[in-house]
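Here's the structure, in structure tokens; my notes come after.
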Amino acid sequence: MAAFNLSSSEPSTFILTGIPGLEAAHIWISIPFSVFYMSSMFGNFTLLFVVAKEQTLHKPMYLLLCMLALTDIGKSTSVVPKALLIFWFNLKGITLDGCLTQMFFIHMVLAMQSAIVVTMALDRYVAICNPLRYSTILTNAHVAKLGLVCLLRAVFVVLPLPLLLRAQPFCANHIISHTYCEHIAVAKLSCGDTTFNRTYGLVTALAVSGLDLMLIALSYGLIIRAVLSISRKKATQKALNTCTGHIGVLLISYTSSLFSFLTQRFDKSIPSHVHITLANLYLLVPPVLNPIIYGVKTKDLRDKVGKYTFRR
């Protein structure tokens with residue numbers, strides 16, 4: 001009996017079910033997953049390639065776009081390959097350490113992306129509200145340091161999540177009703193007291209998102225005030241055009257993620273397959289749309305992408 005309890009509390013493998021209730025449609029569901037993933041890889045790698053090749057794009061704004069592209073690549077790659085193995089080959093097993101590693105990278109990339117969006121809002125604030133000092137306040141070196149700060153904050157905030165779960169005992173049920181190892185989905189399998197784990201996850205998620213949203217709102221509030229004070233119509237239009245791409249990314253990133261996060265924890269009336277579909281969409285859709293939005297709204301980048309595309 002002691003041996004049985006030990007083996008059941010320390011699982012070597014978890015089972016990811018995919019999308020519960022839609023198992024018969026997994027092959028069809030894999031099609032949009034594949035299309036989204038390939039589109040996001042193509043768009044973000046194209047952005048990285050063009051910025052790397054063009055010296056004229058080696059500016060803070062485009063370095064931040066590259067950071068955003070890297071987080072989009074990491075976000076999609078942390079989820080889609082394993083999901084496709086489930087959909088195509090029914091390979092549902094994942095080790096405990098593999099599960100916790102996937103959890104860490106998913107949440108770490110999300111936290112880093114949130115910080116990068118804040119930095120982009122700061123970049124636009126300085127560019128519009130204090131343009132004469134822009135080149136001295138935000139240099140490439142300063143942006144690189146800010147990127148490192150974003151990474152370190154994400155690592156230190158997220159790292160306790162898998163470490164706390166690693167110390168928990170797990171019950172005989174090793175089935176995770178999800179396509180990936182989401183924190184709450186894994187915590188539910190523990191037969192220990194996960195109150196602190198759940199509280200830490202909720203508090204950090206709300207604190208990080210709340211702080212970032214507050215800073216973003218402050219930046220864009222000051223930008224809008226500055227724009228409205230501009231008397232020249234052309235200058236006003238240019239300033240607004242510069243910000244619309246960022247606001248689009250902001251709405252896409254935060255609206256879907258917060259809706260999925262809050263409904264999963266507080267609204268039990270929504271079916272599980274709806275929760276899981278939303279949790280996948282906010283990881284799949286923004287990486288596809290972000291390079292498109294910036295490709296359309298940023299003239300210099302659009303022209304350079306067009307040059308390479310036409311040359312090919």
Side-chain angles (χ1 to χ4, degrees), residues 11 13-40 71-72 74-96 98-111 113-114 158 161-162 165 170-171 173-190 194 197-198 201-202 205-206 209 252-289:
T13 304
F14 285 124
I15 304 298
L16 291 165
T17 61
I19 303 180
L22 298 178
E23 289 85 356
H26 273 177
I27 291 295
W28 296 106
I29 295 171
S30 71
I31 296 174
F33 268 68
S34 303
V35 171
F36 281 135
Y37 184 62
M38 289 187 292
S39 299
S40 67
T71 59
D72 280 338
K75 189 163 58 173
S76 298
T77 304
S78 296
V79 174
V80 177
K82 179 58 182 176
L84 291 179
L85 288 176
I86 297 171
F87 296 153
W88 289 342
F89 307 111
N90 206 34
L91 296 176
K92 300 180 177 181
I94 185 170
T95 65
L96 173 60
C99 186
L100 296 179
T101 300
Q102 185 190 47
M103 177 199 304
F104 169 75
F105 277 105
I106 291 171
H107 292 289
M108 186 271 291
V109 169
L110 288 171
Q113 187 172 69
S114 180
V158 174
L161 293 177
L165 280 179
F170 287 91
C171 305
N173 178 22
H174 303 157
I175 298 175
I176 302 173
S177 299
H178 217 304
T179 54
Y180 59 86
C181 293
E182 201 273 335
H183 175 248
I184 290 298
V186 179
K188 287 178 180 178
L189 301 183
S190 173
T194 59
N197 303 58
R198 293 166 179 262
L202 179 63
L206 293 178
S209 298
I252 293 168
S253 299
Y254 280 100
T255 304
S256 56
S257 61
L258 283 175
F259 181 78
S260 175
F261 176 83
L262 294 173
T263 54
Q264 185 175 8
R265 284 158 176 79
F266 302 116
D267 192 343
K268 304 302 181 183
S269 63
I270 299 179
S272 61
H273 65 271
V274 175
H275 279 304
I276 295 168
T277 301
L278 287 172
N280 282 284
L281 284 178
Y282 87 79
L283 294 176
L284 291 173
V285 175
V288 176
L289 296 182

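Hydrogens, waters and symmetry mates play no part in the numbers below; they use all other heavy atoms, side chains included.
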(request) Could you pull out all residues at least two apart from Ser114 that satisfy side chain to side chain donor-acceptor pair (under 3.5 Å)? (result) Asp212, Tyr254
(message) Show, in sequence, the C-alpha distance, side-chain angles and deciding distance for Arg198 and Lys188, and conclude whether the side-chain contact (heavy atoms from CB on, under 4.5 Å) test is met.
(response) CA-CA 9 Å; Arg198 293 166 179 262; Lys188 287 178 180 178; 3.4 Å; yes
(message) Once ring-ring contact (aromatic ring centres under 6.0 Å, His included) is applied, do any residues pair with Tyr180, and if so which ones, sequence neighbours excluded?
(response) His178
(request) Report yes or no: does Ser40 contribute a side-chain atom to a donor-acceptor pair with the main-chain N or O of Tyr37 at less than 3.5 Å? (result) yes
(request) With the side chain counted from C-beta on, respond yes when Val186 and Phe170 share a heavy-atom pair under 4.5 Å apart, and no when they do not. (result) yes
(request) Please lay out, stage by stage, how Tyr282 and Leu110 fare under the test side-chain contact (heavy atoms from CB on, under 4.5 Å). (result) CA-CA 10 Å; Tyr282 87 79; Leu110 288 171; 3.8 Å; yes
(message) Would you compute the distance between atom OG of Ser177 and atom CD1 of Ile19 and round it to the nearest 0.5 angstrom?
(response) 12.0 Å
(request) State the CG-OG distance between Leu289 and Ser39, to the nearest 0.5 angstrom. (result) 10.0 Å
(message) Distance check, rounded to the nearest 0.5 Å: Ile106 atom CD1 versus Thr77 atom OG1?
(response) 11.0 Å
(message) Using modelled atom types and a 3.5 Å cut-off, is there a donor and acceptor pairing between side-chain atoms of Thr194 and backbone atoms of Asn197?
(response) no
(request) Locate the shortest heavy-atom distance separating Lys75 from Pro287; write the atom from each residue and the value. (result) CE-CG, 3.8 Å
(message) Do His174 and Thr13 have side chains that approach each other closer than 4.5 Å (heavy atoms only, starting at C-beta)?
(response) no
(message) Return the CG to OG distance between Leu284 and Ser76, rounded to the nearest 0.5 Å.
(response) 6.0 Å
(request) Identify the two heavy atoms, one from Gln113 and one from Thr71, that lie closest to each other, and give their separation to 0.1 Å. (result) NE2-OG1, 3.2 Å
(message) Angle between ring planes, Phe87 versus Phe33, binned at 30° and 60°: parallel, tilted or perpendicular?
(response) perpendicular
(request) For Thr101, check side chain to side chain donor-acceptor pair (under 3.5 Å) against everything at least two apart and list the hits. (result) none
(message) With side-chain contact (heavy atoms from CB on, under 4.5 Å) as the test, pick out the partner of Phe14 among Thr95, Ile175, Leu96.
(response) Leu96
(message) I need the minimum non-hydrogen distance between Val158 and Ala111, along with the two atoms involved.
(response) CG2-CB, 4.2 Å
(request) Rounded to the nearest 0.5 Å, what's the gap from CG on Leu85 to CD1 on Ile94? Could you check? (result) 10.0 Å
(request) Keeping the roles fixed (side chain from Gln102, backbone from Leu100), state whether a donor-acceptor pair exists under 3.5 Å. (result) no
(request) Answer yes or no: is there a side-chain heavy-atom contact under 4.5 Å between Cys181 and Ile176? (result) yes
(message) Between Asn90 and His26, is there a side-chain heavy-atom distance shorter than 4.5 Å?
(response) no
(request) Output the distance between atom NZ (Lys92) and atom NZ (Lys82), rounded to the nearest 0.5 Å. (result) 10.5 Å
(message) Quick check: closest heavy atoms across Thr179 and Ala83, and the distance to 0.1 Å?
(response) CB-CB, 4.4 Å
